[in-house]
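To keep things clear, I will list the structure first and then write my remarks on it.
Throughout, protein chains are lettered first and strands after them, A, B, ... in sequence-line order, and every chain is numbered starting at 1.
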2 protein chains.
Amino acid sequence: MASESEIHTRDRLLLEAARLFRYHGYAQTTLREIADATGIKAGSIYYHFDSKEDIIAEVLDRGIQMVGEAVRQRVDALPENATSREIIAAAIEGHLWGVLHHGDFSSANIRAYGQAPVAVKSRHRTARRAYSDYWHKLFNDAIVKGDLRKDCNLDIIQMFVLSALNWTVEWYNPQKGSLRVFVGDITKIVFDGVFERR
Amino acid sequence: MASESEIHTRDRLLLEAARLFRYHGYAQTTLREIADATGIKAGSIYYHFDSKEDIIAEVLDRGIQMVGEAVRQRVDALPENATSREIIAAAIEGHLWGVLHHGDFSSANIRAYGQAPVAVKSRHRTARRAYSDYWHKLFNDAIVKGDLRKDCNLDIIQMFVLSALNWTVEWYNPQKGSLRVFVGDITKIVFDGVFERR
DNA sequence: GTCTATACCTCGATAGAC
DNA sequence: GTCTATCGAGGTATAGAC
């Protein structure tokens, strides 16, 4: 069985790996850097992980798990009679909060996913699919209620919204305004667009 | 002066490099792969370029140049009395067309920019800034005319729209519908949002 | 569990023949 | 202009002492 300190070091390795993958990408980040940041030597990593691939795989999984939890938590907290706007607003808030405030795992998931080895991507894809299905259900409920616009393909709406939310990690600047205000602005734009009503 | 075939090989190298950077990223793409795809040996690349950095630098520059030209062309073709919606619709169409239809250079610009060496990024940043300023002028004109929503920060609107448009390269699937319809749907969503009017 | 030492490979880049 | 051959650096991963 794993000892206390083993778990500790393993988690710290994952944390530092996530941070480095987030800011420098997967291929650019070396095991020596991850080891340095954690305070151990590169060779010692192999006590905790079998390969660099296994590290990125776990970082990706944790990232999507954190975002998924943040979203579900907010949606589940709503009352039974919540409107479509309230439900999707809660999901947007959860997603942005998970991605922007919660940190390195979810950001690494967005930024480094495209750079991960194909084997890792393909294994991780089921987790992404599950999260995507969750959103699909939210949007579909809104359509059934007649709340979503009917002149656009639903898949395009969903992909556009989710990828736009994801990409905020590339440009969101917390020094230019609170996350609260930011989430509000993004929600307004997604809900009703950038133009004044005609 | 450069001979015919020199220009030819050099351009083919850039094209293959753009394609590989787009799909595999900068660090993952090796000079041997670029050479293979072009049909020459790795060492021969150095007759045309001084370093791998110089290749990505030129790929990035061409990418933003192509998109910028596509956008300006459509906006300039509009009549004097065009509305804000018509102007920004033309810019969106140009941007999406440049990014999605025009191919590997613009997509590589979006995908591989974050992975490029800092020296390259910093040199390329002025080109990005110029393109961003162009969009800023379009949005600002719309604000002056009172057409844009006033309850959101303009910088957030601009970053949201541009990054959302950029990220379509990650998920747009030409087999699921024509680019024409796609551009129309995206424009509707950006202009008026995903919800039906209240 | 972590260390040192190192094997092995692949990368970007160079040199010189053709 | 392109080739072959190769260098030096730095990467992942392994072996065995502690």
- Task: Measure from CD1 on B:Ile55 to C1' on C:dG12 and round the result to the nearest Å.
- Result: 10 Å
- Note on the structure: Here the distance between atom C1' of D:dC3 and atom OH of B:Tyr46, to the nearest Å, is 16 Å
- Task: For B:Lys41, answer base if it contacts any base atom (sugar-phosphate contacts may also be present), sugar-phosphate if it contacts only those atoms, and nothing otherwise; contact means non-hydrogen atoms under 4.0 Å.
- Result: base
- Query: Would you call A:Lys188 and A:Asp192 a salt bridge, using N to O less than 4.0 angstrom?
  - Reply: no
- Separation of A:Phe49 atom CZ from D:dA13 atom P, in whole Å? 13 Å
- Query: Parallel, tilted or perpendicular for A:Tyr172 and A:Phe182, by the 30°/60° rule?
  - Reply: tilted
- Task: Name all pairs fulfilling the salt bridge (Lys or Arg N to Asp or Glu O under 4.0 Å) condition that reach into residues 110-125 of chain B, sequence neighbours left out, sorted by first residue then second.
- Result: B:Arg111-B:Glu170
- Message: How many whole angstroms separate atom NE2 of A:His8 from atom P of C:dT2?
- Response: 10 Å
- Between C1' of D:dT4 and CD1 of B:Ile45, the distance in whole Å: 15 Å
- Message: Looking at C:dG1, I'd like to know if its phosphate oxygens (OP1 or OP2) sit under 4.0 Å from a side-chain N or O belonging to A:Ser44.
- Response: no
- Which ones in residues 21-33 of chain B lie close to DNA chain C, meaning a heavy atom under 4.0 Å from one of its atoms? B:Thr29, B:Thr30, B:Leu31, B:Arg32
- Check which hydrophobic residues are tied to A:Leu60 through side-chain heavy-atom contacts below 4.5 Å, counting indirect links as well, and list them. A:Leu13, A:Leu14, A:Leu15, A:Leu20, A:Phe21, A:Tyr26, A:Leu31, A:Ile34, A:Ile40, A:Ile45, A:Tyr46, A:Phe49, A:Ile55, A:Ile56, A:Val59, A:Met66, A:Phe105, A:Tyr113, A:Val120
- Nearest-Å distance, CD (A:Glu53) to P (D:dG11)? 18 Å
- Query: CD1 of A:Ile34 versus C1' of D:dG10: gap in Å, rounded?
  - Reply: 15 Å
- Item | Residues which pass side chain to side chain contact (heavy atoms under 4.5 Å, CB included) with B:Asn153, listed by chain and number, not counting sequence neighbours | A:Asp185, B:Asp155, B:Ile156
- Message: What's the closest nucleotide to the side chain of A:Lys52 if the choices are C:dT2, D:dT12, D:dT2?
- Response: D:dT12
Donor-acceptor pairs under 3.5 Å, side chain of residues 72-82 of chain B to any protein atom, not counting sequence neighbours: which ones?
residue : atom : partner : partner atom : Å
B:Arg74 : NE   : B:Glu93 : OE2          : 3.4
B:Arg74 : NH1  : B:Ala70 : O            : 3.2

- Message: How many whole angstroms separate atom NE2 of B:His48 from atom C1' of C:dA13?
- Response: 16 Å
- Any side-chain hydrogen bond (donor to acceptor under 3.5 Å, both in side chains) involving residues 136-152 of chain A? Give me the pairs, sequence neighbours left out, ordered by first then second residue. A:Ser84-A:Asp147, A:His136-A:Gln158, A:Lys137-A:Asp141, A:Arg149-A:Asp151, A:Lys150-B:Glu196
- Which of the following nucleotides, D:dC3, C:dA13, D:dA13, is nearest to the side chain of B:Ser51? C:dA13
